[in-house]
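For reference, the structure discussed in these notes is given below.
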Amino acid sequence: VIDVSRPDLADLGATQLADQLRSGALSATQLAEAVCARIEATEPVLHAFIAFDRDGFLTAAIETDQARQTAGGAARVPGLPVAVKDNLDVAGQRTTAGSRVLGHSGRLAADDAGAISRVRHAGGLIVGKTNLHEFAYGATGVNPRHGTPRNPWDLTRVPGGSSSGSAVAVAALQVPLAVGTDAAGSIRMPASLCGVVGLKPTFGRVSTRGLLASHNATLDHVGPLARNVADAALGLQILAGFDPADSTSIDEPVPDYVAALDERDSLRGLRVGIPSSYFFQHVDPAVESGVRTAIDVLGQLGAELVGLDIPDLDDMMSARLALFADGLAFHLPHLRSHPELYTREIRQRLCVDAFVQAHDYSRASRVRRLLRERFARAFVDNRVDVIATPTTPIAAVPAEQWSVTSGEGPPEPVGLAMLRLTAPANLTGLPAISVPAGFVQTRVSELPFGLQLMARPFQEPLLLQAAQLFEQSTPWHKRRPPDLDG
Amino acid sequence: MDITAEYVQQVLMNSAGLEISLAEAAELVPLVRGQRAALARLDRFDVSFVRPSLDGDPRPAFLA
(Lines give C-alpha, C1' and ligand atoms only; values in the text may rest on other atoms or scores of the structure.)
Protein backbone atom coordinates (compact mmCIF):
# COMPACT_ATOMS: atom_id res chain seq x y z
CA VAL A 1 0.00 0.00 0.00
CA ILE A 2 1.43 3.33 -1.04
CA ASP A 3 1.40 5.95 1.67
CA VAL A 4 0.42 9.17 -0.05
CA SER A 5 -0.59 10.85 3.19
CA ARG A 6 2.62 12.82 3.23
CA PRO A 7 2.68 14.59 -0.15
CA ASP A 8 4.87 17.24 1.49
CA LEU A 9 7.72 14.73 1.65
CA ALA A 10 8.34 15.11 -2.06
CA ASP A 11 9.02 18.80 -1.61
CA LEU A 12 11.51 18.38 1.23
CA GLY A 13 15.17 18.57 0.36
CA ALA A 14 17.84 16.02 1.17
CA THR A 15 19.08 17.87 4.27
CA GLN A 16 15.63 18.15 5.84
CA LEU A 17 14.80 14.55 5.01
CA ALA A 18 18.12 13.30 6.39
CA ASP A 19 17.46 15.21 9.64
CA GLN A 20 14.03 13.59 9.96
CA LEU A 21 15.37 10.16 9.12
CA ARG A 22 18.18 10.43 11.67
CA SER A 23 15.85 11.66 14.41
CA GLY A 24 13.30 8.94 13.71
CA ALA A 25 10.56 11.48 12.89
CA LEU A 26 10.35 9.81 9.51
CA SER A 27 10.98 6.19 8.64
CA ALA A 28 12.88 5.10 5.55
CA THR A 29 9.83 3.07 4.52
CA GLN A 30 7.46 6.04 4.75
CA LEU A 31 9.80 8.09 2.62
CA ALA A 32 10.40 5.30 0.12
CA GLU A 33 6.64 4.84 -0.33
CA ALA A 34 6.15 8.55 -0.92
CA VAL A 35 8.99 8.57 -3.45
CA CYS A 36 7.54 5.56 -5.26
CA ALA A 37 4.15 7.24 -5.41
CA ARG A 38 5.67 10.40 -6.83
CA ILE A 39 7.72 8.54 -9.42
CA GLU A 40 4.80 6.38 -10.51
CA ALA A 41 2.57 9.47 -10.86
CA THR A 42 5.04 11.51 -12.90
CA GLU A 43 7.32 9.06 -14.71
CA PRO A 44 4.96 8.30 -17.62
CA VAL A 45 5.37 11.94 -18.60
CA LEU A 46 8.98 12.59 -17.58
CA HIS A 47 11.03 9.49 -18.60
CA ALA A 48 13.65 10.43 -16.02
CA PHE A 49 14.50 6.81 -15.23
CA ILE A 50 15.82 3.97 -17.37
CA ALA A 51 15.38 1.52 -14.49
CA PHE A 52 13.26 2.10 -11.40
CA ASP A 53 13.97 -0.68 -8.90
CA ARG A 54 10.73 -0.31 -6.93
CA ASP A 55 10.91 -3.60 -5.08
CA GLY A 56 14.60 -3.42 -4.32
CA PHE A 57 14.25 0.15 -3.12
CA LEU A 58 11.28 -0.59 -0.83
CA THR A 59 12.94 -3.72 0.52
CA ALA A 60 16.12 -1.79 1.30
CA ALA A 61 14.03 0.85 3.07
CA ILE A 62 12.31 -1.76 5.25
CA GLU A 63 15.70 -3.30 6.05
CA THR A 64 17.07 0.11 6.97
CA ASP A 65 14.24 0.66 9.45
CA GLN A 66 14.65 -2.83 10.90
CA ALA A 67 18.39 -2.39 11.31
CA ARG A 68 17.89 0.93 13.08
CA GLN A 69 15.43 -0.65 15.49
CA THR A 70 17.78 -3.46 16.43
CA ALA A 71 21.21 -1.87 16.19
CA GLY A 72 20.53 1.85 16.18
CA GLY A 73 22.63 3.64 13.63
CA ALA A 74 25.03 6.44 13.06
CA ALA A 75 24.65 6.70 9.30
CA ARG A 76 24.66 10.22 7.89
CA VAL A 77 21.60 9.73 5.67
CA PRO A 78 19.82 6.53 6.80
CA GLY A 79 17.24 5.74 4.13
CA LEU A 80 17.74 8.80 1.94
CA PRO A 81 16.62 8.02 -1.64
CA VAL A 82 19.29 8.68 -4.25
CA ALA A 83 18.95 8.29 -8.02
CA VAL A 84 22.01 7.28 -10.04
CA LYS A 85 22.90 8.13 -13.64
CA ASP A 86 22.92 4.97 -15.71
CA ASN A 87 26.57 5.11 -16.71
CA LEU A 88 27.60 4.32 -13.12
CA ASP A 89 27.61 0.74 -11.93
CA VAL A 90 25.17 -0.38 -9.25
CA ALA A 91 25.85 -3.96 -8.15
CA GLY A 92 23.31 -6.42 -9.52
CA GLN A 93 21.78 -3.88 -11.89
CA ARG A 94 22.36 -3.32 -15.56
CA THR A 95 24.32 -0.36 -16.87
CA THR A 96 23.00 0.78 -20.25
CA ALA A 97 24.66 4.21 -20.54
CA GLY A 98 21.48 5.23 -22.33
CA SER A 99 22.36 3.04 -25.29
CA ARG A 100 21.46 -0.28 -26.87
CA VAL A 101 25.11 -0.98 -27.61
CA LEU A 102 25.77 -2.81 -24.34
CA GLY A 103 23.03 -5.31 -25.04
CA HIS A 104 19.31 -4.67 -25.16
CA SER A 105 19.10 -4.14 -21.42
CA GLY A 106 22.69 -3.30 -20.61
CA ARG A 107 25.68 -4.88 -18.91
CA LEU A 108 25.14 -6.49 -15.51
CA ALA A 109 27.32 -4.77 -12.92
CA ALA A 110 29.12 -7.03 -10.46
CA ASP A 111 30.11 -4.25 -8.07
CA ASP A 112 29.03 -0.81 -7.05
CA ALA A 113 30.92 2.11 -8.52
CA GLY A 114 33.20 3.80 -5.97
CA ALA A 115 30.82 6.74 -5.56
CA ILE A 116 27.84 4.42 -5.12
CA SER A 117 29.65 2.49 -2.39
CA ARG A 118 29.91 5.77 -0.54
CA VAL A 119 26.20 6.47 -0.98
CA ARG A 120 25.42 3.10 0.59
CA HIS A 121 28.01 3.58 3.34
CA ALA A 122 26.25 6.82 4.29
CA GLY A 123 22.93 4.97 4.47
CA GLY A 124 21.55 6.19 1.14
CA LEU A 125 19.19 3.95 -0.83
CA ILE A 126 19.45 3.58 -4.61
CA VAL A 127 16.09 4.35 -6.19
CA GLY A 128 17.02 3.52 -9.76
CA LYS A 129 19.13 4.39 -12.78
CA THR A 130 18.45 7.70 -14.48
CA ASN A 131 18.24 8.46 -18.17
CA LEU A 132 21.02 10.20 -20.07
CA HIS A 133 22.14 11.32 -23.49
CA GLU A 134 23.46 8.20 -25.23
CA PHE A 135 26.84 7.32 -23.66
CA ALA A 136 26.80 10.75 -21.99
CA TYR A 137 27.88 12.06 -25.39
CA GLY A 138 25.59 15.05 -25.71
CA ALA A 139 24.37 18.17 -24.02
CA THR A 140 20.65 18.12 -24.78
CA GLY A 141 19.52 14.87 -23.17
CA VAL A 142 17.69 13.82 -26.34
CA ASN A 143 17.65 10.01 -26.33
CA PRO A 144 15.67 8.18 -29.03
CA ARG A 145 16.68 4.79 -27.54
CA HIS A 146 15.26 5.20 -24.05
CA GLY A 147 12.93 8.17 -24.54
CA THR A 148 14.01 11.75 -23.98
CA PRO A 149 13.45 12.97 -20.42
CA ARG A 150 11.14 15.99 -20.41
CA ASN A 151 12.06 19.31 -18.94
CA PRO A 152 9.56 19.70 -16.07
CA TRP A 153 9.33 23.45 -16.69
CA ASP A 154 8.14 22.91 -20.25
CA LEU A 155 7.56 19.38 -21.44
CA THR A 156 8.25 20.32 -25.07
CA ARG A 157 11.82 21.33 -24.23
CA VAL A 158 15.02 19.43 -23.57
CA PRO A 159 16.25 18.97 -20.01
CA GLY A 160 19.90 19.39 -20.97
CA GLY A 161 22.43 16.63 -20.74
CA SER A 162 23.98 14.41 -20.40
CA SER A 163 22.77 13.82 -16.80
CA SER A 164 19.27 14.62 -18.02
CA GLY A 165 17.31 12.12 -15.95
CA SER A 166 19.17 13.01 -12.76
CA ALA A 167 18.32 16.69 -13.17
CA VAL A 168 14.70 15.99 -14.12
CA ALA A 169 14.21 13.60 -11.19
CA VAL A 170 15.44 16.23 -8.73
CA ALA A 171 13.61 19.16 -10.34
CA ALA A 172 10.31 17.26 -10.60
CA LEU A 173 10.47 16.25 -6.91
CA GLN A 174 10.86 12.54 -7.70
CA VAL A 175 13.99 12.29 -5.55
CA PRO A 176 15.80 14.71 -3.24
CA LEU A 177 19.29 13.86 -4.51
CA ALA A 178 20.83 12.40 -7.64
CA VAL A 179 24.28 11.46 -8.83
CA GLY A 180 25.49 12.63 -12.22
CA THR A 181 28.67 12.64 -14.26
CA ASP A 182 30.32 15.55 -16.03
CA ALA A 183 32.94 15.38 -18.82
CA ALA A 184 32.08 18.71 -20.46
CA GLY A 185 29.33 20.12 -18.24
CA SER A 186 26.94 17.17 -17.99
CA ILE A 187 26.01 17.87 -14.37
CA ARG A 188 25.89 21.65 -14.61
CA MET A 189 24.10 22.02 -17.96
CA PRO A 190 20.97 20.04 -17.05
CA ALA A 191 21.06 21.64 -13.60
CA SER A 192 20.93 25.05 -15.31
CA LEU A 193 18.11 24.07 -17.68
CA CYS A 194 16.03 22.32 -15.00
CA GLY A 195 16.48 24.91 -12.25
CA VAL A 196 18.44 22.81 -9.75
CA VAL A 197 21.93 22.89 -8.25
CA GLY A 198 24.68 20.83 -9.91
CA LEU A 199 28.21 20.47 -8.59
CA LYS A 200 31.22 19.19 -10.51
CA PRO A 201 33.91 18.67 -7.90
CA THR A 202 37.65 19.05 -8.37
CA PHE A 203 39.12 16.29 -10.53
CA GLY A 204 40.07 13.42 -8.23
CA ARG A 205 37.72 14.47 -5.40
CA VAL A 206 35.07 11.81 -6.09
CA SER A 207 35.94 8.30 -7.26
CA THR A 208 35.19 7.52 -10.90
CA ARG A 209 35.78 3.78 -10.49
CA GLY A 210 32.79 2.00 -11.96
CA LEU A 211 31.94 4.91 -14.26
CA LEU A 212 31.76 3.52 -17.79
CA ALA A 213 35.00 4.50 -19.53
CA SER A 214 33.28 5.72 -22.69
CA HIS A 215 34.88 9.15 -22.27
CA ASN A 216 38.34 10.56 -21.75
CA ALA A 217 38.91 9.61 -18.10
CA THR A 218 40.92 12.77 -17.45
CA LEU A 219 37.86 14.91 -18.20
CA ASP A 220 35.15 12.90 -16.44
CA HIS A 221 33.84 13.67 -12.96
CA VAL A 222 31.12 12.38 -10.63
CA GLY A 223 29.03 14.79 -8.56
CA PRO A 224 25.65 15.59 -7.00
CA LEU A 225 22.50 17.26 -8.31
CA ALA A 226 20.17 18.66 -5.67
CA ARG A 227 17.39 21.15 -5.07
CA ASN A 228 19.50 23.61 -3.09
CA VAL A 229 23.11 24.29 -2.19
CA ALA A 230 22.94 22.74 1.29
CA ASP A 231 21.70 19.51 -0.28
CA ALA A 232 24.52 19.64 -2.84
CA ALA A 233 26.98 20.05 0.04
CA LEU A 234 25.45 17.01 1.72
CA GLY A 235 25.68 15.12 -1.56
CA LEU A 236 29.34 15.97 -1.96
CA GLN A 237 29.96 15.02 1.66
CA ILE A 238 28.58 11.59 0.90
CA LEU A 239 30.45 11.13 -2.38
CA ALA A 240 33.86 12.65 -1.67
CA GLY A 241 36.93 10.73 -0.60
CA PHE A 242 40.06 9.01 -1.76
CA ASP A 243 39.65 5.70 -3.59
CA PRO A 244 42.99 3.88 -3.73
CA ALA A 245 41.65 1.60 -6.46
CA ASP A 246 40.87 4.54 -8.75
CA SER A 247 43.89 5.84 -10.67
CA THR A 248 42.25 9.26 -11.01
CA SER A 249 41.45 9.65 -7.31
CA ILE A 250 43.47 12.14 -5.26
CA ASP A 251 44.33 11.58 -1.61
CA GLU A 252 43.30 14.93 -0.19
CA PRO A 253 41.55 15.37 3.19
CA VAL A 254 37.77 15.75 2.91
CA PRO A 255 36.58 18.85 4.77
CA ASP A 256 33.16 19.14 6.39
CA TYR A 257 31.28 20.74 3.50
CA VAL A 258 28.01 20.92 5.41
CA ALA A 259 29.53 22.62 8.45
CA ALA A 260 31.43 25.01 6.17
CA LEU A 261 28.13 26.50 5.03
CA ASP A 262 27.67 28.09 8.47
CA GLU A 263 31.14 29.61 8.57
CA ARG A 264 30.34 32.63 6.45
CA ASP A 265 27.48 35.12 6.64
CA SER A 266 28.62 37.45 3.90
CA LEU A 267 31.01 37.52 0.96
CA ARG A 268 33.17 40.26 2.50
CA GLY A 269 36.81 39.64 1.71
CA LEU A 270 35.98 37.47 -1.28
CA ARG A 271 37.12 38.54 -4.74
CA VAL A 272 34.92 37.37 -7.60
CA GLY A 273 36.39 37.42 -11.10
CA ILE A 274 34.18 38.34 -14.05
CA PRO A 275 35.73 37.26 -17.36
CA SER A 276 35.69 40.01 -19.97
CA SER A 277 35.71 37.59 -22.89
CA TYR A 278 34.57 34.10 -23.95
CA PHE A 279 32.14 33.40 -21.10
CA PHE A 280 29.89 36.32 -22.02
CA GLN A 281 30.21 36.00 -25.80
CA HIS A 282 27.34 34.58 -27.83
CA VAL A 283 25.08 34.42 -24.79
CA ASP A 284 21.33 34.92 -25.05
CA PRO A 285 20.71 38.53 -23.94
CA ALA A 286 18.07 37.50 -21.39
CA VAL A 287 20.45 34.96 -19.85
CA GLU A 288 23.35 37.42 -19.86
CA SER A 289 21.23 40.10 -18.23
CA GLY A 290 20.06 37.65 -15.57
CA VAL A 291 23.57 36.43 -14.83
CA ARG A 292 24.95 39.98 -14.59
CA THR A 293 22.16 40.75 -12.13
CA ALA A 294 23.16 37.64 -10.19
CA ILE A 295 26.76 38.83 -10.11
CA ASP A 296 25.55 42.17 -8.75
CA VAL A 297 23.94 40.20 -5.93
CA LEU A 298 27.36 38.72 -5.13
CA GLY A 299 28.63 42.29 -4.92
CA GLN A 300 25.77 43.30 -2.63
CA LEU A 301 26.72 40.40 -0.40
CA GLY A 302 30.13 41.99 0.08
CA ALA A 303 32.22 40.38 -2.66
CA GLU A 304 34.65 42.56 -4.55
CA LEU A 305 33.92 42.17 -8.27
CA VAL A 306 37.04 42.08 -10.43
CA GLY A 307 37.20 42.08 -14.22
CA LEU A 308 39.69 39.59 -15.62
CA ASP A 309 40.84 38.20 -18.92
CA ILE A 310 41.85 34.64 -19.77
CA PRO A 311 43.66 35.08 -23.07
CA ASP A 312 43.21 32.75 -26.04
CA LEU A 313 40.53 30.70 -24.31
CA ASP A 314 38.42 30.42 -27.46
CA ASP A 315 41.26 28.85 -29.47
CA MET A 316 42.50 26.71 -26.59
CA MET A 317 39.11 25.12 -26.07
CA SER A 318 39.49 23.45 -29.48
CA ALA A 319 41.70 20.99 -27.59
CA ARG A 320 38.50 19.43 -26.26
CA LEU A 321 37.73 18.02 -29.72
CA ALA A 322 40.95 15.99 -29.80
CA LEU A 323 40.80 14.98 -26.15
CA PHE A 324 37.30 13.60 -26.56
CA ALA A 325 38.52 11.23 -29.28
CA ASP A 326 40.05 9.23 -26.43
CA GLY A 327 36.60 7.64 -26.07
CA LEU A 328 37.11 5.79 -29.36
CA ALA A 329 39.19 3.23 -27.47
CA PHE A 330 35.90 2.14 -25.91
CA HIS A 331 33.61 2.66 -28.89
CA LEU A 332 35.56 1.40 -31.88
CA PRO A 333 34.96 -2.33 -31.37
CA HIS A 334 31.22 -1.71 -30.92
CA LEU A 335 31.14 0.69 -33.84
CA ARG A 336 32.79 -1.87 -36.10
CA SER A 337 30.53 -4.75 -35.15
CA HIS A 338 27.17 -3.06 -34.58
CA PRO A 339 27.09 0.49 -35.91
CA GLU A 340 23.31 0.29 -36.23
CA LEU A 341 22.97 0.12 -32.44
CA TYR A 342 24.24 3.68 -32.11
CA THR A 343 21.99 6.63 -32.78
CA ARG A 344 22.92 8.46 -35.96
CA GLU A 345 24.06 11.49 -33.96
CA ILE A 346 26.58 9.58 -31.87
CA ARG A 347 27.72 7.35 -34.73
CA GLN A 348 28.56 10.42 -36.80
CA ARG A 349 30.35 12.07 -33.94
CA LEU A 350 32.49 9.00 -33.29
CA CYS A 351 33.34 8.71 -36.98
CA VAL A 352 34.56 12.29 -36.94
CA ASP A 353 36.63 11.52 -33.82
CA ALA A 354 38.44 8.90 -35.89
CA PHE A 355 40.03 11.74 -37.87
CA VAL A 356 41.93 12.93 -34.79
CA GLN A 357 45.55 11.94 -35.27
CA ALA A 358 48.20 11.20 -32.67
CA HIS A 359 49.85 14.58 -33.11
CA ASP A 360 46.47 16.30 -32.72
CA TYR A 361 45.95 14.52 -29.42
CA SER A 362 49.46 15.27 -28.23
CA ARG A 363 49.18 18.95 -29.14
CA ALA A 364 45.77 19.16 -27.47
CA SER A 365 47.20 17.63 -24.28
CA ARG A 366 49.96 20.22 -24.26
CA VAL A 367 47.60 23.12 -25.00
CA ARG A 368 45.44 21.83 -22.19
CA ARG A 369 48.41 22.29 -19.87
CA LEU A 370 48.72 25.89 -21.10
CA LEU A 371 45.00 26.35 -20.50
CA ARG A 372 45.38 25.17 -16.92
CA GLU A 373 48.21 27.64 -16.44
CA ARG A 374 46.12 30.48 -17.89
CA PHE A 375 43.33 29.75 -15.43
CA ALA A 376 45.77 29.46 -12.54
CA ARG A 377 47.28 32.81 -13.51
CA ALA A 378 43.81 34.36 -13.75
CA PHE A 379 43.09 33.27 -10.18
CA VAL A 380 46.51 34.14 -8.75
CA ASP A 381 47.41 37.35 -10.61
CA ASN A 382 43.97 38.85 -10.04
CA ARG A 383 43.82 37.47 -6.48
CA VAL A 384 40.33 36.13 -7.14
CA ASP A 385 38.72 33.33 -5.16
CA VAL A 386 35.82 32.59 -7.48
CA ILE A 387 35.08 33.15 -11.17
CA ALA A 388 31.44 33.82 -12.06
CA THR A 389 29.90 33.12 -15.47
CA PRO A 390 26.63 31.92 -17.00
CA THR A 391 26.37 28.11 -16.84
CA THR A 392 24.74 27.82 -20.25
CA PRO A 393 24.45 30.54 -22.91
CA ILE A 394 20.80 29.66 -23.45
CA ALA A 395 17.83 28.26 -21.58
CA ALA A 396 16.15 25.01 -22.67
CA VAL A 397 15.31 24.73 -26.37
CA PRO A 398 12.51 22.71 -28.00
CA ALA A 399 13.44 19.03 -28.36
CA GLU A 400 13.44 19.20 -32.15
CA GLN A 401 15.73 22.24 -32.34
CA TRP A 402 19.30 21.44 -33.46
CA SER A 403 20.92 24.85 -33.93
CA VAL A 404 20.77 28.10 -32.04
CA THR A 405 21.88 31.68 -32.42
CA SER A 406 23.01 32.92 -29.03
CA GLY A 407 23.38 36.69 -28.77
CA GLU A 408 25.19 38.07 -31.82
CA GLY A 409 26.99 34.85 -32.74
CA PRO A 410 26.51 32.71 -35.84
CA PRO A 411 24.17 29.70 -35.79
CA GLU A 412 25.72 26.92 -33.74
CA PRO A 413 24.68 23.32 -32.97
CA VAL A 414 22.70 23.36 -29.72
CA GLY A 415 24.94 20.69 -28.22
CA LEU A 416 28.10 22.70 -28.82
CA ALA A 417 26.58 25.97 -27.63
CA MET A 418 25.37 24.32 -24.47
CA LEU A 419 28.76 23.06 -23.28
CA ARG A 420 30.83 26.06 -24.35
CA LEU A 421 30.86 27.65 -20.89
CA THR A 422 31.09 24.53 -18.75
CA ALA A 423 33.81 22.56 -20.58
CA PRO A 424 36.73 24.77 -19.40
CA ALA A 425 36.29 23.44 -15.85
CA ASN A 426 36.66 19.90 -17.22
CA LEU A 427 39.90 20.66 -19.05
CA THR A 428 41.27 22.44 -15.99
CA GLY A 429 39.80 20.05 -13.41
CA LEU A 430 38.61 23.02 -11.33
CA PRO A 431 35.51 22.70 -9.15
CA ALA A 432 32.39 24.38 -10.52
CA ILE A 433 28.80 24.72 -9.39
CA SER A 434 25.63 25.81 -11.14
CA VAL A 435 22.98 27.49 -9.02
CA PRO A 436 19.58 28.74 -10.26
CA ALA A 437 19.92 32.41 -11.21
CA GLY A 438 16.69 33.39 -12.94
CA PHE A 439 14.10 32.57 -15.57
CA VAL A 440 13.64 33.40 -19.22
CA GLN A 441 10.03 34.11 -20.13
CA THR A 442 8.74 32.47 -23.31
CA ARG A 443 5.27 32.69 -24.77
CA VAL A 444 4.07 29.64 -22.87
CA SER A 445 6.57 28.93 -20.12
CA GLU A 446 9.28 30.20 -17.82
CA LEU A 447 12.65 28.52 -18.25
CA PRO A 448 15.40 28.51 -15.65
CA PHE A 449 19.08 29.23 -16.20
CA GLY A 450 22.09 28.99 -13.91
CA LEU A 451 24.97 31.03 -12.54
CA GLN A 452 28.24 29.09 -12.71
CA LEU A 453 30.89 29.64 -10.05
CA MET A 454 34.39 28.15 -10.40
CA ALA A 455 37.10 28.04 -7.75
CA ARG A 456 40.68 26.90 -7.20
CA PRO A 457 41.38 23.16 -6.76
CA PHE A 458 39.67 21.63 -3.72
CA GLN A 459 38.04 24.93 -2.78
CA GLU A 460 34.56 23.39 -2.78
CA PRO A 461 33.80 24.80 0.71
CA LEU A 462 34.26 28.33 -0.60
CA LEU A 463 32.27 27.55 -3.72
CA LEU A 464 29.40 26.18 -1.66
CA GLN A 465 29.48 29.14 0.75
CA ALA A 466 29.29 31.66 -2.09
CA ALA A 467 26.57 29.70 -3.86
CA GLN A 468 24.49 29.35 -0.72
CA LEU A 469 24.70 33.01 0.22
CA PHE A 470 23.63 33.87 -3.32
CA GLU A 471 20.81 31.34 -3.12
CA GLN A 472 19.55 32.72 0.19
CA SER A 473 19.44 36.21 -1.30
CA THR A 474 17.39 35.22 -4.32
CA PRO A 475 14.02 33.49 -4.82
CA TRP A 476 14.90 31.20 -7.73
CA HIS A 477 15.51 27.95 -5.85
CA LYS A 478 12.10 28.17 -4.16
CA ARG A 479 10.16 27.97 -7.41
CA ARG A 480 8.75 24.62 -8.48
CA PRO A 481 7.82 23.38 -11.96
CA PRO A 482 4.13 23.27 -12.91
CA ASP A 483 2.21 20.42 -11.31
CA LEU A 484 2.89 17.25 -13.26
CA ASP A 485 0.55 14.76 -11.66
CA GLY A 486 -2.62 16.81 -11.86
CA MET B 1 43.92 18.52 -48.61
CA ASP B 2 40.46 18.42 -50.10
CA ILE B 3 38.17 16.47 -47.83
CA THR B 4 35.69 14.59 -49.99
CA ALA B 5 33.20 11.84 -49.31
CA GLU B 6 35.57 9.32 -50.92
CA TYR B 7 38.42 10.50 -48.69
CA VAL B 8 36.26 10.22 -45.56
CA GLN B 9 35.12 6.74 -46.53
CA GLN B 10 38.69 5.57 -47.21
CA VAL B 11 40.20 7.02 -44.04
CA LEU B 12 37.53 5.43 -41.87
CA MET B 13 38.06 2.08 -43.58
CA ASN B 14 41.85 2.18 -43.59
CA SER B 15 42.58 3.75 -40.22
CA ALA B 16 39.63 2.66 -38.12
CA GLY B 17 38.18 -0.38 -39.86
CA LEU B 18 34.81 1.33 -40.19
CA GLU B 19 32.76 0.59 -43.25
CA ILE B 20 30.29 3.32 -44.19
CA SER B 21 28.40 4.16 -47.35
CA LEU B 22 29.39 7.03 -49.61
CA ALA B 23 26.15 8.79 -48.70
CA GLU B 24 27.02 8.55 -45.00
CA ALA B 25 30.53 9.75 -45.76
CA ALA B 26 29.12 12.76 -47.61
CA GLU B 27 27.19 13.74 -44.49
CA LEU B 28 30.42 13.65 -42.50
CA VAL B 29 32.38 15.89 -44.87
CA PRO B 30 31.33 19.23 -43.32
CA LEU B 31 31.81 17.80 -39.83
CA VAL B 32 35.34 16.59 -40.59
CA ARG B 33 36.18 19.93 -42.23
CA GLY B 34 34.90 21.71 -39.13
CA GLN B 35 36.97 19.49 -36.88
CA ARG B 36 40.15 20.06 -38.89
CA ALA B 37 39.57 23.82 -38.86
CA ALA B 38 39.00 23.79 -35.11
CA LEU B 39 42.10 21.71 -34.40
CA ALA B 40 44.15 24.02 -36.62
CA ARG B 41 43.43 26.75 -34.08
CA LEU B 42 45.81 24.93 -31.73
CA ASP B 43 48.74 25.40 -34.14
CA ARG B 44 49.42 28.95 -32.98
CA PHE B 45 50.52 27.80 -29.53
CA ASP B 46 54.18 26.98 -28.99
CA VAL B 47 54.11 23.68 -27.16
CA SER B 48 57.76 22.76 -27.74
CA PHE B 49 58.60 22.87 -24.06
CA VAL B 50 55.24 21.97 -22.57
CA ARG B 51 54.96 18.74 -20.63
CA PRO B 52 51.32 17.69 -20.44
CA SER B 53 50.20 16.52 -17.03
CA LEU B 54 49.18 12.91 -17.42
CA ASP B 55 48.10 10.53 -14.73
CA GLY B 56 51.24 8.77 -13.57
CA ASP B 57 50.55 7.38 -10.10
CA PRO B 58 51.64 3.70 -10.20
CA ARG B 59 50.02 2.75 -6.86
CA PRO B 60 46.34 2.19 -7.78
CA ALA B 61 47.02 -0.69 -10.20
CA PHE B 62 48.39 -2.75 -7.30
CA LEU B 63 45.32 -2.07 -5.20
CA ALA B 64 42.53 -2.73 -7.72
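Protein chains get the first letters and strands the later ones, always in sequence-line order, with residue 1 at the start of each.
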Item to check | Region of A:Ala364 in contact with chain B, defined by heavy-atom distances below 4.5 Å | outcome: both

Item to check | Stepwise salt bridge (Lys or Arg N to Asp or Glu O under 4.0 Å) check, A:Glu373 with A:Arg369 | outcome: CA-CA 6 Å; A:Glu373 291 172 359; A:Arg369 171 67 183 265; 3.0 Å; yes

Next on the checklist: Quick check on A:Arg320 against chain B: is it the side chain, the backbone, both or neither that has a heavy atom closer than 4.5 Å?
Outcome noted: neither

Checklist entry - Of all heavy-atom pairs between A:Pro410 and A:His282, which one has the smallest distance, and what is that distance? => result CD-CE1, 4.3 Å

Checklist entry - Do B:Glu24 and A:Arg347 meet the salt-bridge criterion of a basic N to acidic O distance under 4.0 Å? => result yes

Next on the checklist: Please tell me whether A:Ser214 and A:Asn87 have a donor and an acceptor in their side chains that are separated by less than 3.5 angstrom.
Outcome noted: no

Next on the checklist: Shorter than 4.5 Å, heavy atoms on both sides: which option in A:Leu321, A:Asp312, A:Leu370 has the most such pairs with chain B?
Outcome noted: A:Asp312

Next on the checklist: At a heavy-atom distance under 4.5 Å, which candidate from B:Val50, B:Leu31, B:Leu42 has the highest pair count against chain A?
Outcome noted: B:Leu42

